[in-house]
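From a predicted model like this one, the values you see are computed outputs, not experimental measurements. Per chain, numbering begins at 1; letters A, B, ... match sequence-line order.
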Number of protein chains: 4
Amino acid sequence: MGEKRTLTPVTAEQGAPVRDLAARERILGTTLRVLARVGYAKATVGGIAQEAGVGKATVYRSWPHKAALTLDAVRTRLPDVPVDDLGDSPREILAVARALAGLYGAPQVRAILPALISDAATDPELALRLRTDLVEPRRDRSATVLRRAVARGVLPPDTDVLTLLDTWAGLMLFRGVVLAGDVDDTTVRALVAAALDSPPRLP
Amino acid sequence: MGEKRTLTPVTAEQGAPVRDLAARERILGTTLRVLARVGYAKATVGGIAQEAGVGKATVYRSWPHKAALTLDAVRTRLPDVPVDDLGDSPREILAVARALAGLYGAPQVRAILPALISDAATDPELALRLRTDLVEPRRDRSATVLRRAVARGVLPPDTDVLTLLDTWAGLMLFRGVVLAGDVDDTTVRALVAAALDSPPRLP
Amino acid sequence: MGEKRTLTPVTAEQGAPVRDLAARERILGTTLRVLARVGYAKATVGGIAQEAGVGKATVYRSWPHKAALTLDAVRTRLPDVPVDDLGDSPREILAVARALAGLYGAPQVRAILPALISDAATDPELALRLRTDLVEPRRDRSATVLRRAVARGVLPPDTDVLTLLDTWAGLMLFRGVVLAGDVDDTTVRALVAAALDSPPRLP
Amino acid sequence: MGEKRTLTPVTAEQGAPVRDLAARERILGTTLRVLARVGYAKATVGGIAQEAGVGKATVYRSWPHKAALTLDAVRTRLPDVPVDDLGDSPREILAVARALAGLYGAPQVRAILPALISDAATDPELALRLRTDLVEPRRDRSATVLRRAVARGVLPPDTDVLTLLDTWAGLMLFRGVVLAGDVDDTTVRALVAAALDSPPRLP
DNA sequence: AAGTAAACGAGACGGTACGTCGTGTCTTCCG
DNA sequence: CGGAAGACACGACGTACCGTCTCGTTTACTT
């Protein structure tokens, strides 16, 4: 990464000129709109720039790739993970699982995420951002809910929290994106029930 | 799809000369080699054709897409799912889970699968092939192992076999492809143990 | 030159594919039309390609530059130098001088030639073509008329034929292109008269 | 032109502060240096500004074009036409002709002049400046030498002085710039001799 | 054995998007 | 508050692939 362009440079270093923040916002918004309309594969940087009323160079000045642009655009608009302490771990966990199902069930995510993952395969910088900016923050927040359940004794102390979460995320990803199917609420409840009954354990 | 070309026409219908066969093999082999060398995104149909000593048209005559070509090339080379009856369901199930982990841990799969999934998002025909030719046969074979376990009473009668399998596949996919990490054998055993203890149930 | 692309490659070398000659003609015709409409500076390769119903690559496949394309387009359409033997050298010479005046007085030439000369300053290949394909053939043909006059004794034996011609061409060029003025027929006759009276001599 | 900027504003018109002067000189000098180094076509305003340690806006404040800048830079550095009265018209005229040959033989002039002429084709303002600032002053000064010769009876009273000069300038331009050749001193003397013997006459 | 029809290699074709560069204007911050 | 620094909208550049389409040539099946 640390090459010529980072993915989030924004403000000037010292002297004078400052990136046009309004333009950046407009670009990100337009990006989402275009992605929703035509899909990732058919979206073009030039098209986004034009629709945002911006020169192509202005886009490339801030993002090296369509992928980086997409990542930035998507990042901020995702619904958050519910982590509130309801005093009732099973309910909290169910809320987390449902959020996960909703996320991977959303058409935008289905349309965009695989493309990002695919591009990440040939762009380590993008792969890193995908993990650190998108996946891990949400994973961490979800984990706090499960750790709270462990603290309450609802889950055993040696519960492998991350594996459990990745298992769920994986299921949603696999069904939503690979199989293009849904994960209905009954299944979500069954997953949660199975996990509460016997979660994967740390070695 | 019912368009002009199917994805696997192969032999001529009647009196006409067919010299394909060797060429087809050469193309599929070259495709894999090129994919391994430069990755899906940077592989080009023209490049593959040239390296295979074949005209571009010959490739397009058999496959409508880079994606279809990739799918065909990958399909036949995947290691099979072990479904042998060992008389010991836990061992059989562990073998299935390990095969799954090995599959998604393979570099070629990590490099290629996300791209296929991504292209499938805008190509229903490809999406269908991806499911019917790649995912479902393996999923079905894996399911027979689990159903045998149900028949033996190792798993409860209302086990949601497909959800269980998709959960595992999803975890491997998520960890292998999104997180670019591994699923070690300890984790695989923990997953199997948790499933044997309390699998997801049908409603 | 002899680099990757010559300026007039055209037909295939051996095997099969042949450059589309109709397309070439269409491109050259369109080039002239566009040059006449918007001038050299505002003409673009992309615009010409589009108007000719041709991909940009097709243009670049045959001509490395807008300049080369222009040169080729212009070359064939210039009115020829009158070299007929009228049995009357003064009349023949006047015809040559008038042709020269007409050439540099033509708006297309005024619009295009300086640009070609300018581009030739940084492109030796183009400079060569400009001389060998455009200037020298016409200069040679004009010279035959003057040499005929020498043979007839109308001009002295040591007449510096090429300098005389270049002097006339230069005047037309200078007045037509630099001063954007005309060389009227009276002046042309005066030039011819002065030359017949006392042409530049070889040393 | 009557637009916002003239090509030679230089000093402020009324109350405003002007600190330009040094910057202007630096810009013009840098312009010549860059032109000499990379040629007109590859010279960029931004590059010149940077090398002169000046903002682009500072350049555009004084010159609307690369062409105008070039014209200004070139204008002042040209060697002057020798017009001294030597009491010997043939010698004076030869000096003028030699100055002309030297001018169009200079590499900088060959590199820059055609480009200016070319740009002038689409910019009437520049065309005007090119004539009034560059060509005509020198032409006028040369003409005084020839008019002196007429007054002395060395040339006939009806000599077409301007046509004669333009003929010479044209030859130098044509040979130097179009043919990329030289006009050697022998030829220059032959031209002068022919002109003294029989110059073009006014009608 | 000759005739015929297709499938072949090669690669030109019309397009589309790419990422870069230069233009001339406009804005920000420093001295 | 003038000027350097450079971001901005614009648009052309020349390249790379796409998927289609000719070209001759090379088989392998007829007759």
Presence of Arg61(B) side-chain N/O under 4.0 Å of dA7(E) phosphate oxygens OP1/OP2: no

Distance, rounded to the nearest Å, where His65(A) contributes NE2 and dA17(E) contributes P: 18 Å

Spacing of Leu69(B) atom CG relative to dG19(F) atom P, expressed in whole Å: 11 Å

Most 5' of Gly55(B) and Ala49(C) on DNA chain E, judged by nearest nucleotide: Gly55(B)

Value in whole Å for how far the P atom of dC18(F) lies from CH2 of Trp63(B): 15 Å

Smallest separation among heavy atoms of Gly53(C) and Arg26(C), with atom names: O-NH1, 3.6 Å

Nearest-0.5 Å distance that lies between atom CD1 in Ile48(A) and atom NZ in Lys56(A): 12.0 Å

Ile27(B) CD1 to dA10(E) C1', straight-line distance once rounded to whole Å: 14 Å

Test side-chain contact (heavy atoms from CB on, under 4.5 Å) applied to Thr30(B) and Leu28(B), Leu32(B), Val34(B), the passing residue: Val34(B)

Spacing of CD belonging to Glu51(A) relative to CZ belonging to Arg33(A), to within rounding of 0.5 Å: 5.0 Å

Point-to-point distance, once rounded to the nearest 0.5 Å, from OG1 of Thr70(B) to OH of Tyr40(B): 4.5 Å

dA7(F) phosphate, OP1 or OP2, under 4.0 Å from Thr58(A) side-chain N/O: no

Nearest-0.5 Å distance, CG of residue Leu71(B) to CD1 of residue Ile112(B): 10.5 Å

Nearest-Å distance for atom pair CD/P, residues Gln50(C) and dA12(F): 10 Å

Nearest-Å distance for atom pair CZ/C1', residues Arg24(A) and dA7(F): 13 Å

His65(D) vs Asp119(D) side-chain heavy atoms within contact, under 4.5 Å: no

Atom pair distance, as rounded to whole Å: OH in Tyr40(B) and C1' in dC18(F): 13 Å

Nucleotide dC17(F), atom C1' - distance to CG of Asp119(B) in whole Å: 14 Å

Along DNA chain F (nearest heavy atom to each residue), the more 5'-positioned of Ala23(A) and Arg26(D): Arg26(D)

For nucleotides 21-23 of chain E, tabulate all protein N/O to nucleotide N/O atom pairs closer than 3.5 Å, reporting atom names and distance.
{"from": "dT23(E)", "atom 1": "OP2", "to": "Val45(D)", "atom 2": "N", "distance (Å)": "3.3"}

